[in-house]
2 protein chains.
Amino acid sequence: MGSRLNANLQRFGALSAAEAQAVDELIGASRLAAPGEDMAAEGDPAGPCRVLIEGQAFRHKTLPDGRRQILAFLIPGDIIDLPGVFLNLDHSVTALGACELGSIPRTRLDALMQGAPAISHALWRTSQMELAIAREWMVGMGRRSAYSRIAHLFCEMIVRLGSVGLVSGYRCTFPVTQQHLSDALGLSAVHTNRTLQALRREGLLSFQAGELTVLDWPALQEAGEFDHTYLHLAGRPPRQSLTSARA
Amino acid sequence: MGSRLNANLQRFGALSAAEAQAVDELIGASRLAAPGEDMAAEGDPAGPCRVLIEGQAFRHKTLPDGRRQILAFLIPGDIIDLPGVFLNLDHSVTALGACELGSIPRTRLDALMQGAPAISHALWRTSQMELAIAREWMVGMGRRSAYSRIAHLFCEMIVRLGSVGLVSGYRCTFPVTQQHLSDALGLSAVHTNRTLQALRREGLLSFQAGELTVLDWPALQEAGEFDHTYLHLAGRPPRQSLTSARA
DNA sequence: CGTCTAGTTGATTCGCCTCAAGTGTTGTGG
DNA sequence: CCACAACACTTGAGGCGAATCAACTAGACG
């Protein structure tokens, strides 16, 4: 369903029925990506613009000696190649679990960005939201403790996944290993492990086998100094469970 | 001179003469900001879109207890309010030295983003470049040592300022205190001080009174693991001095 | 069953932080 | 012209958070 893209673009404000339909028609053939597959690599020239329809992925840079920094997690509805549309890609994108990808022809995209102001604005907003998330990550890596950082990331994923209907009962799929978490937060795997244990011990969450369950949402937010406003999702922490297809 | 904006937008690719003129005519009245003045604060609603014509500034978030994270440095030609055009601002912007600001009416901006593909694309590229810089900062804060991070930031500023003609002889104005550097890099002021001393001791640079001079550009790049490609400036490290007005 | 990967644990080390003074410079008012 | 703030920078001492090194366990898989 391409309408995941619609769900994404309309998180900030509704599109008209015609526009929404135009968005759905954007997406051509979809294809699958296997877990761990590199969907894009550093230096790739501009190509088609792909959308993550199902599954999760991450952007990352890996240094020559193996150190890796994860830059963003992508969830259904996110646009993979927005950076690559205008500049050469300066990082890689790898699938976490199995992914389904949609593809938008460049000509169609260009046409809409020129001719459909509402869609163009929606694309701008998603791009600025990615920047807003990056800024919050910088605050975390620069100024927050490991404990806070981990809590904050989990809060963020709950709200983001919730906004596209992938959270129910404070539970969601987040198929990352502790090593992924470490690389996203700038920590060692050992320290991430111990800190995760502390979060579990305090009863804030459970996290195993790629499934995250928040057990004490207020406490987790406080631990992470989490304030959802930077996500610009009109204050939509998961109050009631937004049960959704195949959550 | 509004043409600083043109210099910025055309760093990636030329605009036609007519487009360049349209860009220059975008900017209405300019005004001055005093050193340390907050030019925008967290939570500000969308307003006019301002451009930094002269001087430098920085984006930052300050936490309730006083910890501060600097998110970006803005240099002449940079657009201050790009994040605020589409979403409420989630951070503050403060002048470093004295600044001159130009202002673009929203209606004019919207019209150009719809009607002038080349300008619209140039805006997209600047936005994606800001994201690219943010990503590189994440790599630094997550995975690089204090020594590397400082070196990297200085390399970045030299290349960015060089791309708008504000570097001559590997020397540029960068009016930040050690505290600013610390807040940008996620370090304590004490440690920044000691690490700066190391960089000076090794003869890589001099940095005092807001003026940066790179004494050993190859060594500084190596120390910072600096690879300019993420800046997408067509590999323009400052070879020959690009002397410029009032540099 | 061996092998692989993810997670866990302990011991040790170190990069960076915090606290606490002290220096130098600038600006300001008496 | 001299206190004296105010600020940026510097230096020393001590401590903690997180890294590193090194096993070891447990489940998944062929």
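Just so it is clear: chains get the letters A, B, ... in the order the sequence lines come, proteins before strands, and each one is counted from 1. These values consider heavy atoms only, across backbone and side chains, with no hydrogens, waters or symmetry-generated copies.
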Problem - Geometric class of the B:Phe58/B:Phe73 ring pair [parallel <30°, tilted 30-60°, perpendicular >60°] - result: tilted
Practice task
Can you spot which of B:Glu136, B:Glu156, B:Arg135 makes a side-chain hydrogen bond (donor to acceptor under 3.5 Å, both in side chains) with B:Tyr230?
Solution key: B:Glu156
Fill in the blank from the handout: Min and max contacting nt of DNA chain C in 5' to 3' order, chain A heavy atoms within under 4.0 angstrom, are C:dA6 to C:dA11
Practice task
Could you verify whether a donor N or O on one side chain and an acceptor N or O on the other, from B:Arg68 and B:Thr62, lie under 3.5 Å apart?
Solution key: no
Practice task
Would you name the heavy atoms of B:Met157 and B:Ile75 that are closest together and state the gap between them?
Solution key: CE-CG2, 3.7 Å
Exercise for the section: Go through the side-chain N and O atoms of A:Asn88 and A:Asp44 and say whether any donor and acceptor fall under 3.5 Å apart. Expected result: no
Practice task
Would you mind reading off the bend of the helix from C:dC1-D:dG30 to C:dG30-D:dC1 from its two end axes, five pairs each, to 10 degrees?
Solution key: 30°
Practice task
Please work out if A:Gly186 contacts a base, only the sugar-phosphate, or nothing of the nucleic acid, heavy-atom cut-off 4.0 Å.
Solution key: sugar-phosphate
Exercise for the section: Evaluate the salt bridge (charged side-chain N to carboxylate O under 4.0 Å, His left out) criterion for residues A:Arg31 and A:Glu37: first the C-alpha distance (whole Å), next the side-chain angles of each, then the deciding distance (0.1 Å), finally the verdict. Expected result: CA-CA 13 Å; A:Arg31 76 168 197 84; A:Glu37 180 177 334; 3.2 Å; yes
Problem - Closest non-hydrogen atom pair, A:Ile79 against A:Leu82 - result: CG2-N, 3.8 Å
Practice task
Could you check whether B:Ala146 gets within reach of a base, just the sugar-phosphate, or nothing at all, counting any heavy atom under 4.0 Å?
Solution key: sugar-phosphate
Practice task
Please work out which residues in residues 190-209 of chain A have a non-hydrogen atom less than 4.0 Å from an atom of DNA chain D and list them by number.
Solution key: A:Val190, A:His191, A:Arg194
Completion exercise
When A:Gly210 and B:Ser188 are each assigned the nearest nucleotide of DNA chain C, the 5'-most assignment goes to A:Gly210
Exercise for the section: Using chain A heavy atoms and a threshold of under 4.0 Å, write down where along DNA chain D the contacts begin and end, 5' to 3'. Expected result: D:dA18 to D:dC21
Handout entry: Worked check of salt bridge (charged side-chain N to carboxylate O under 4.0 Å, His left out) between B:Arg149 and B:Glu225
Key = CA-CA 9 Å; B:Arg149 265 183 266 183; B:Glu225 304 179 311; over 6 Å; no
Would you mind writing out the side-chain donor-acceptor pairs for residues 200-211 of chain A within the sub-3.5 Å range, not counting sequence neighbours?
unit_1: A:Arg200; atom_1: NH1; unit_2: A:Phe207; atom_2: O; d: 2.9
unit_1: A:Glu211; atom_1: OE2; unit_2: A:Arg171; atom_2: NH1; d: 2.9

Problem - For B:Glu42, salt bridge (charged side-chain N to carboxylate O under 4.0 Å, His left out) partners two or more places apart - result: none
Handout entry: Exercise: identify the closest heavy-atom pair between B:Val167 and B:Gly162
Key = CG2-N, 3.3 Å
Problem - B:Phe154 ring center within less than 6.0 Å of B:Phe226 ring center - result: no
Practice task
Describe the nucleic acid contact of A:Thr177 in one word from base, sugar-phosphate, nothing, applying a heavy-atom distance below 4.0 Å.
Solution key: sugar-phosphate
Practice task
Tell me, yes or no, whether the heavy-atom count around B:Glu222 atom CD, taken from other residues, nucleotides or ligands under 6.0 Å, exceeds 12.
Solution key: no
